[in-house]
Amino acid sequence: MTHQSMILTNNLYAEDYNLWIQKTASLLKDKQFSELELENLIEEIESMGRSEKNALKSNLRVLIMHLLKYKFQPQNRSNSWLYTIYEHRQRLQETFLDSPSLKGYYLEVLDNCYHHARKEAAIETGLPLSIFPQDNPFSADEILDADFFPV
(Lines give C-alpha, C1' and ligand atoms only; values in the text may rest on other atoms or scores of the structure.)
Protein backbone atom coordinates (compact mmCIF):
# COMPACT_ATOMS: atom_id res chain seq x y z
CA MET A 1 0.00 0.00 0.00
CA THR A 2 1.39 3.38 -0.91
CA HIS A 3 1.79 5.98 1.80
CA GLN A 4 -0.78 8.20 0.07
CA SER A 5 -3.43 5.45 -0.21
CA MET A 6 -2.83 4.50 3.44
CA ILE A 7 -3.50 8.09 4.50
CA LEU A 8 -6.67 8.18 2.36
CA THR A 9 -7.92 4.88 3.83
CA ASN A 10 -7.18 5.98 7.40
CA ASN A 11 -8.98 9.26 6.74
CA LEU A 12 -11.91 7.37 5.24
CA TYR A 13 -12.11 5.16 8.35
CA ALA A 14 -12.28 8.27 10.55
CA GLU A 15 -14.57 10.32 8.31
CA ASP A 16 -17.00 7.83 6.73
CA TYR A 17 -17.04 4.46 8.49
CA ASN A 18 -19.69 2.94 6.20
CA LEU A 19 -17.78 3.91 3.07
CA TRP A 20 -14.61 2.47 4.63
CA ILE A 21 -16.44 -0.85 5.19
CA GLN A 22 -17.65 -0.90 1.56
CA LYS A 23 -14.16 -0.12 0.26
CA THR A 24 -12.57 -2.74 2.52
CA ALA A 25 -15.08 -5.39 1.43
CA SER A 26 -14.43 -4.51 -2.20
CA LEU A 27 -10.66 -4.79 -1.70
CA LEU A 28 -11.11 -8.19 -0.05
CA LYS A 29 -13.37 -9.45 -2.85
CA ASP A 30 -10.88 -8.27 -5.44
CA LYS A 31 -8.03 -9.90 -3.49
CA GLN A 32 -6.22 -6.56 -3.29
CA PHE A 33 -4.75 -7.47 0.07
CA SER A 34 -1.82 -5.07 -0.19
CA GLU A 35 -4.31 -2.18 -0.33
CA LEU A 36 -6.03 -3.14 2.94
CA GLU A 37 -5.58 -1.00 6.00
CA LEU A 38 -4.89 -3.88 8.37
CA GLU A 39 -4.81 -2.07 11.73
CA ASN A 40 -8.39 -0.84 11.43
CA LEU A 41 -9.56 -4.10 9.85
CA ILE A 42 -8.12 -6.14 12.74
CA GLU A 43 -9.65 -3.74 15.25
CA GLU A 44 -13.07 -4.12 13.61
CA ILE A 45 -12.91 -7.91 13.54
CA GLU A 46 -11.96 -8.00 17.22
CA SER A 47 -14.76 -5.56 17.98
CA MET A 48 -17.26 -7.83 16.23
CA GLY A 49 -16.37 -10.64 18.62
CA ARG A 50 -16.75 -8.37 21.64
CA SER A 51 -20.11 -7.16 20.36
CA GLU A 52 -21.42 -10.70 20.02
CA LYS A 53 -20.32 -11.51 23.56
CA ASN A 54 -21.82 -8.30 24.95
CA ALA A 55 -25.12 -8.99 23.19
CA LEU A 56 -25.17 -12.51 24.62
CA LYS A 57 -24.63 -11.20 28.17
CA SER A 58 -27.26 -8.50 27.74
CA ASN A 59 -29.89 -10.95 26.44
CA LEU A 60 -29.04 -13.41 29.20
CA ARG A 61 -29.38 -10.79 31.95
CA VAL A 62 -32.76 -9.62 30.63
CA LEU A 63 -33.97 -13.20 30.33
CA ILE A 64 -32.90 -14.17 33.84
CA MET A 65 -34.33 -10.97 35.31
CA HIS A 66 -37.72 -11.78 33.76
CA LEU A 67 -37.56 -15.40 34.93
CA LEU A 68 -36.93 -14.09 38.45
CA LYS A 69 -39.80 -11.63 38.19
CA TYR A 70 -42.02 -14.42 36.85
CA LYS A 71 -41.10 -16.65 39.78
CA PHE A 72 -41.21 -14.11 42.60
CA GLN A 73 -44.07 -11.89 41.45
CA PRO A 74 -46.65 -14.39 40.16
CA GLN A 75 -49.44 -11.86 40.74
CA ASN A 76 -47.86 -9.54 38.15
CA ARG A 77 -47.31 -12.07 35.36
CA SER A 78 -48.27 -10.64 32.00
CA ASN A 79 -48.13 -11.37 28.30
CA SER A 80 -45.42 -8.72 28.12
CA TRP A 81 -43.21 -10.75 30.46
CA LEU A 82 -43.92 -13.92 28.47
CA TYR A 83 -43.01 -12.12 25.26
CA THR A 84 -39.75 -10.80 26.75
CA ILE A 85 -38.81 -14.27 27.97
CA TYR A 86 -39.60 -15.74 24.55
CA GLU A 87 -37.77 -12.97 22.66
CA HIS A 88 -34.54 -13.21 24.65
CA ARG A 89 -34.51 -17.01 24.51
CA GLN A 90 -34.91 -16.72 20.74
CA ARG A 91 -32.07 -14.21 20.51
CA LEU A 92 -29.78 -16.54 22.46
CA GLN A 93 -30.77 -19.58 20.38
CA GLU A 94 -30.10 -17.64 17.17
CA THR A 95 -26.72 -16.57 18.55
CA PHE A 96 -25.82 -20.22 19.21
CA LEU A 97 -26.95 -21.23 15.70
CA ASP A 98 -24.78 -18.52 14.15
CA SER A 99 -21.84 -19.01 16.52
CA PRO A 100 -21.93 -22.40 18.29
CA SER A 101 -18.66 -21.59 20.07
CA LEU A 102 -20.51 -18.97 22.12
CA LYS A 103 -22.39 -21.74 23.95
CA GLY A 104 -19.24 -22.26 26.03
CA TYR A 105 -19.07 -18.53 26.70
CA TYR A 106 -22.73 -18.65 27.83
CA LEU A 107 -21.80 -21.20 30.48
CA GLU A 108 -18.74 -19.19 31.45
CA VAL A 109 -20.67 -15.94 32.11
CA LEU A 110 -23.90 -17.45 33.46
CA ASP A 111 -23.14 -16.93 37.17
CA ASN A 112 -21.98 -13.35 36.67
CA CYS A 113 -25.05 -12.55 34.56
CA TYR A 114 -27.28 -14.09 37.22
CA HIS A 115 -25.84 -11.81 39.91
CA HIS A 116 -26.44 -8.72 37.76
CA ALA A 117 -29.94 -9.91 36.80
CA ARG A 118 -30.73 -10.54 40.48
CA LYS A 119 -29.87 -6.93 41.33
CA GLU A 120 -31.75 -5.63 38.30
CA ALA A 121 -34.83 -7.65 39.30
CA ALA A 122 -34.72 -6.17 42.80
CA ILE A 123 -34.45 -2.65 41.41
CA GLU A 124 -37.21 -3.14 38.86
CA THR A 125 -39.65 -4.89 41.20
CA GLY A 126 -38.92 -2.87 44.32
CA LEU A 127 -38.55 -6.14 46.21
CA PRO A 128 -35.64 -6.55 48.63
CA LEU A 129 -32.57 -8.16 47.09
CA SER A 130 -32.77 -10.86 49.75
CA ILE A 131 -36.00 -12.19 48.16
CA PHE A 132 -33.97 -13.45 45.21
CA PRO A 133 -31.65 -16.40 45.87
CA GLN A 134 -27.93 -15.66 45.96
CA ASP A 135 -27.30 -18.75 43.84
CA ASN A 136 -28.96 -19.12 40.47
CA PRO A 137 -32.11 -21.25 40.91
CA PHE A 138 -32.28 -22.02 37.18
CA SER A 139 -30.09 -24.48 35.32
CA ALA A 140 -28.34 -23.44 32.12
CA ASP A 141 -30.74 -25.69 30.19
CA GLU A 142 -33.88 -24.38 31.93
CA ILE A 143 -32.97 -20.80 31.08
CA LEU A 144 -32.93 -21.64 27.37
CA ASP A 145 -35.85 -24.11 27.42
CA ALA A 146 -38.84 -22.59 25.60
CA ASP A 147 -41.22 -24.67 27.73
CA PHE A 148 -39.70 -23.82 31.12
CA PHE A 149 -41.41 -21.25 33.33
CA PRO A 150 -40.57 -21.17 37.04
CA VAL A 151 -43.29 -21.78 39.58
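The shown structure was predicted, so the numbers you read here are calculated from the model rather than taken from an experiment.
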Pairwise side-chain contact, L144 with F96, heavy-atom cut-off 4.5 Å (strictly under): yes
Report yes if the side chains of V151 and K71 come closer than 4.5 Å at any heavy-atom pair, otherwise no. no
Is there a chain of hydrophobic side chains (I, L, V, M, F, W, Y, each step under 4.5 Å between heavy atoms) that links L92 to L107? yes
Donor-acceptor check, side chain of R89 to backbone of L63, threshold 3.5 angstrom: yes or no? no
Report the C-alpha distance between M65 and L68 in whole Å, list the side-chain angles of each, state the deciding distance to 0.1 Å, and finish with yes or no for side chain to side chain contact (heavy atoms under 4.5 Å, CB included). CA-CA 5 Å; M65 181 184 68; L68 287 168; 5.6 Å; no
Using modelled atom types and a 3.5 Å cut-off, is there a donor and acceptor pairing between side-chain atoms of S78 and backbone atoms of W81? yes
Whether S26 side chain and Q22 backbone form a donor-acceptor pair below 3.5 Å: no
How long is the span from the NZ atom in K103 to the CG atom in L56, to the nearest 0.5 Å? 10.5 Å
Please tell me if the side chains of F33 and L27 come closer than 4.5 Å, counting only heavy atoms from C-beta onward. no
For a 4.5 angstrom cut-off between non-hydrogen side-chain atoms, does D141 reach F148? no
Distance check, rounded to the nearest 0.5 Å: L36 atom CG versus S34 atom OG? 8.0 Å
Output for pair (L97 CG, L102 CG), nearest 0.5 Å, gives 11.5 Å
Could R50 and Y105 be counted as a cation-pi pair, given that NZ or CZ must be under 6.0 Å from the ring centre and within 45° of the axis? no
I want to check something: taking the side chain as every heavy atom from C-beta on, are T24 and E37 in contact at a cut-off of under 4.5 Å? no
Check this for me: Y83, atom OH, are more than 12 non-hydrogen atoms of other residues, nucleotides or ligands nearer than 6.0 Å? no
With rounding to the nearest 0.5 angstrom, report the CG to CD distance, L12 to E15. 7.5 Å
Pairwise side-chain contact, F132 with E120, heavy-atom cut-off 4.5 Å (strictly under): no
Taking E87 for the side chain and T84 for the main chain, is one N or O donor matched with an acceptor at less than 3.5 Å? no
Quick one: does H88's side chain get under 4.5 Å of H66's, heavy atoms only? no
Without swapping roles, check the side chain of D30 against the backbone of Q32 for a donor-acceptor pair under 3.5 Å. no
The residue among N59, L60, N54 that forms side chain to side chain contact (heavy atoms under 4.5 Å, CB included) with K57 is N54
I want to check something: taking the side chain as every heavy atom from C-beta on, are I131 and P128 in contact at a cut-off of under 4.5 Å? yes
Apply side chain to side chain contact (heavy atoms under 4.5 Å, CB included) to the pair I123 and L129, showing each step before the final yes or no. CA-CA 8 Å; I123 292 167; L129 184 61; over 6 Å; no
Has N79 got more than 12 heavy atoms of other residues, nucleotides or ligands less than 6.0 Å from its CG? no
Which word best sums up how the rings of Y70 and F149 line up, parallel for under 30°, tilted for 30 to 60°, or perpendicular for over 60°? tilted
For the backbone of S101 and the side chain of S99, can you confirm whether one donor and one acceptor N or O come within less than 3.5 Å of each other? no
Euclidean distance, F72 CZ relative to R118 CZ, rounded to 0.5 Å: 9.5 Å
Within a radius of less than 6.0 Å around CG of N76, do more than 12 heavy atoms belonging to other residues, nucleotides or ligands occur? yes
Assess, by modelled atom type and distance only, whether the side chains of Y17 and E44 contain a donor and an acceptor separated by less than 3.5 Å. yes
Should F138 and V62 be regarded as members of a common hydrophobic cluster, given that ILVMFWY residues are connected when their side-chain heavy atoms come within less than 4.5 Å of each other, either directly or indirectly? no
What's the separation between atom NZ in K69 and atom CD1 in I85, rounded to the nearest 0.5 Å? 9.0 Å
Please check this pair: side chain of R61 against backbone of Y114, looking for a donor-acceptor N/O pair closer than 3.5 Å. no
